[in-house]
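Below, chains carry the letters A, B, ... as their sequence lines are ordered, and counting in each starts from 1. Heavy-atom basis, side chains included; hydrogens, waters and symmetry copies ignored.
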Amino acid sequence: MSIWKKLGSIPNIYMYALPVLLCALVFFSGIPPMLPKEPSPWIQKCYDFIDTLGPDDVVLMWHDNSPAYYISHMPAGIAILDHLTQRGVKVIHAGLYPDSSIMSKMFVIPKVEGTMREYGYTYGEDWVNFGFIGGRETGAASMYDNLWYKGRDIYGTPVEEIPMMTNLKTAEDLSLIVVLTAPTQSYHRRQGVMKYGTPLIVCGLAGAAAWYPVYVQAGTMFSYTHGWPGGAEYELLLGKPGLATAGANSLSVLWYCIAFFIILGNISYFGEKFSGGS
Amino acid sequence: MSFLRRELPFFLTGIIGGLVILEYYVEFAPLSTFVVMATDWTATIFSMAFILGLVALCKYNYGQFSKRTPKLWYMGAWVIILTLFTFFFGIIMGTTHQIYEWIYWNLSGNLAVINSVIPAFFLTTASYRAFRARSVEATLMLVAALVILISYAPLSIFLWPGLKANYGDWLVSVPNTGMVRGITIGASVGAVCLGFRVLLGKEKAFALEEGE
């Protein structure tokens, strides 16, 4: 077997093991996270907009995700929620997936409990959680048409007994919509942005972010964050390093590993081709 | 029977769909009230689909169990036990109960995370074996993928900020945006055409044929 052929047929196990070993090595080595000195313009745009909000503003945060992809959305979602809390903004939590109430209750809100305590946030007055809203796009449409649509929060409290909901009627009363997802952003663009003109920020998967500039340019999306790296950049802006910052080096190593194997595969391909192989 | 199975669904789809479209363009309070109500109905009907899914899941797995299908019957029984246990626990104790959340995360959540992470390994091996510059088109895609992959890595932006700003961002905001626009506009026009066909009763795929 020629050297080129050998180079092109590395057993899978080495390709599985190398990224895992390198990521673990980098993660536990204690090397400080190497993050961009300047955040991406779209992340800066999200940050600057949220920085203009205050205690009179209400934000609707959709947790339209399941455990499968929460790792990608969560860091940016947590950083944005932390920023909103620091600004004293009132937040309504809801979600279009059956997992939404658990995702918000277990993985996002507890991560900003410290900030909530620091800024004196009270449930019912400063934030509320409506959990799962069925119907996907029609569920989102119903919620935007009538913010009292769900009737009760996840603890069973009737909406009329929740003080912060008193003067809220439709999406027109919201200052911002934040969506922690990729697949349902189109529902929110159609039902929230196009119908009521409320700005929308999407915390999407890094891969799905290639689609977002189109919507931003068209005006149906205010801005977005791109998966784990987006979360790390937002944490950087906020001055609160978190999960995404901690994993930034490992993420870089993983991407370099994939690029390395692609280049290796092509060296083998061209080597074989020019040395007279098939 | 034919009327109930065929004509009525088309008639209702056409009328309600037409009213919902009309409400978007015409300001008329009773129409808006009706559309809001119809939207709420849809959300309720959608929620009913979960019950249908539960019944279908139990029926299928009970079939595997009762027929003693080799290697599957005990899995079928296990699925039914777990599903019904979680379902009734949620109904009785509430979905915000600590034990329910523990069951959800430790049985379902971790498996879901594993399922979403495993493709990362396949991605590595698949890109190594399949991502070869065999033609001009493949070479263009390969170069674009490598530029994005390397320039968007946090470490690359830290070390060579110009790589992302000059090449990565250009690829995303110029050729990529043009392509995505093309796909989006094409798909949207297609969706509008399909929508009109459904509303006019020309698209019959969603209704069951007699005897099905």
Criterion side-chain contact (heavy atoms from CB on, under 4.5 Å) on B/L155 and A/W255, from CA distance to verdict: CA-CA 10 Å; B/L155 186 59; A/W255 288 6; over 6 Å; no
Top of B/G178, B/A133, B/G109 for chain A proximity - count of heavy-atom pairs under 4.5 angstrom: B/A133
I'd like to know which of A/A210, A/A248, A/G139 tops the heavy-atom pair count under 4.5 Å against chain B. A/A210
Any donor-acceptor pair under 3.5 Å linking the side chain of A/N266 with the backbone of B/F131? yes
For the candidates A/Q217, A/K195, A/H226, which exhibits the highest count of non-hydrogen atom pairs separated by less than 4.5 Å from chain B? A/Q217
Student check: side-chain heavy atoms of B/R132 and A/K273 closer than 4.5 Å: no
Is chain A contacted by the side chain of B/N115, its backbone, both, or neither, given a heavy-atom distance below 4.5 Å? neither
Heavy-atom pairs under 4.5 Å with chain A: which of B/L149, B/V172, B/I150 has the most? B/L149
Ranked by heavy-atom pairs below 4.5 Å to chain A, first place among B/T184, B/T44, B/T39, B/L159 goes to B/T39
Chain A contact via B/L142 - side chain, backbone, both or neither, heavy atoms under 4.5 Å: side chain
Top residue by heavy-atom pair count (under 4.5 Å) with chain A, among B/A165, B/S173, B/S127, B/S108? B/S127
Given the rule in the side-chain contact (heavy atoms from CB on, under 4.5 Å) test, do A/I102 and B/W105 qualify, once you have shown the distances and angles that lead to the verdict? CA-CA 9 Å; A/I102 293 183; B/W105 177 244; 5.9 Å; no
Scan for salt bridge (charged side-chain N to carboxylate O under 4.0 Å, His left out) pairs involving residues 165-188 of chain B, sequence neighbours excluded, and state none if there are none. B/K164-B/D169
Given that the side chain runs from C-beta out, which part of B/L171 has a heavy atom under 4.5 Å from chain A: side chain, backbone, both or neither? neither
Nearest non-hydrogen partners of A/P67 and B/A112, listed with the distance: CB-CB, 4.0 Å
On a heavy-atom basis, the closest approach of B/T177 and A/P213 is OG1-CB, 4.1 Å
Derivation of the side-chain contact (heavy atoms from CB on, under 4.5 Å) call for B/W102 and A/M106: CA-CA 10 Å; B/W102 186 90; A/M106 285 179 83; over 6 Å; no
Would you check if A/P229 and B/Y152 make a side-chain contact, meaning some heavy-atom pair closer than 4.5 Å? no
Audit row: B/V36, A/N146, side-chain contact (heavy atoms from CB on, under 4.5 Å) steps and yes/no: CA-CA 9 Å; B/V36 168; A/N146 173 19; 5.6 Å; no
At their closest point, which heavy atom of A/Y256 faces which heavy atom of B/A153, and how far apart are they? CE2-CB, 4.0 Å
For A/F107, is it the side chain, the backbone, both or neither that has a heavy atom under 4.5 Å from a heavy atom of chain B? side chain
Residue from A/V20, A/I258, A/L251, A/L254 scoring the most non-hydrogen pairs under 4.5 Å with chain B is A/I258
Checking heavy atoms, do the side chain of A/P98, its backbone, both or neither come under 4.5 Å from chain B? side chain
Angle between ring planes, B/Y128 versus A/F261, binned at 30° and 60°: parallel, tilted or perpendicular? perpendicular
Residues passing the ring-ring contact (aromatic ring centres under 6.0 Å, His included) test with B/F121, sequence neighbours excluded, are A/Y16
Answer with side chain, backbone, both or neither: which region of A/P11 has an atom nearer than 4.5 Å to a non-hydrogen atom of chain B? backbone
If you tally heavy-atom pairs under 4.5 Å against chain B, which of A/E38, A/K105, A/M103, A/E233 wins? A/K105
Between A/F270 and chain B, with a heavy-atom cut-off of 4.5 Å, which part of the residue counts as in contact: side chain, backbone, both or neither? side chain
Go through the atoms of B/R129 and report whether side chain, backbone, both or neither lie under 4.5 Å from a heavy atom of chain A. side chain
About how many Å separate OG1 of B/T125 and CE of A/M15, when rounded to the nearest 0.5 Å? 6.0 Å
B/E7: what forms a salt bridge (charged side-chain N to carboxylate O under 4.0 Å, His left out) with it, not counting sequence neighbours? none
Part of A/A232 lying under 4.5 Å from any heavy atom of chain B: neither
Pick one of side chain, backbone, both or neither for A/L7, based on which atoms fall under 4.5 Å of a heavy atom in chain B. backbone
By a 4.5 Å heavy-atom criterion (distance strictly below it), what part of A/S40 contacts chain B: side chain, backbone, both, or neither? both
Residues 130-137 of chain A: residues contacting chain B (heavy atom under 4.5 Å, by number): A/F132, A/G134, A/G135, A/R136
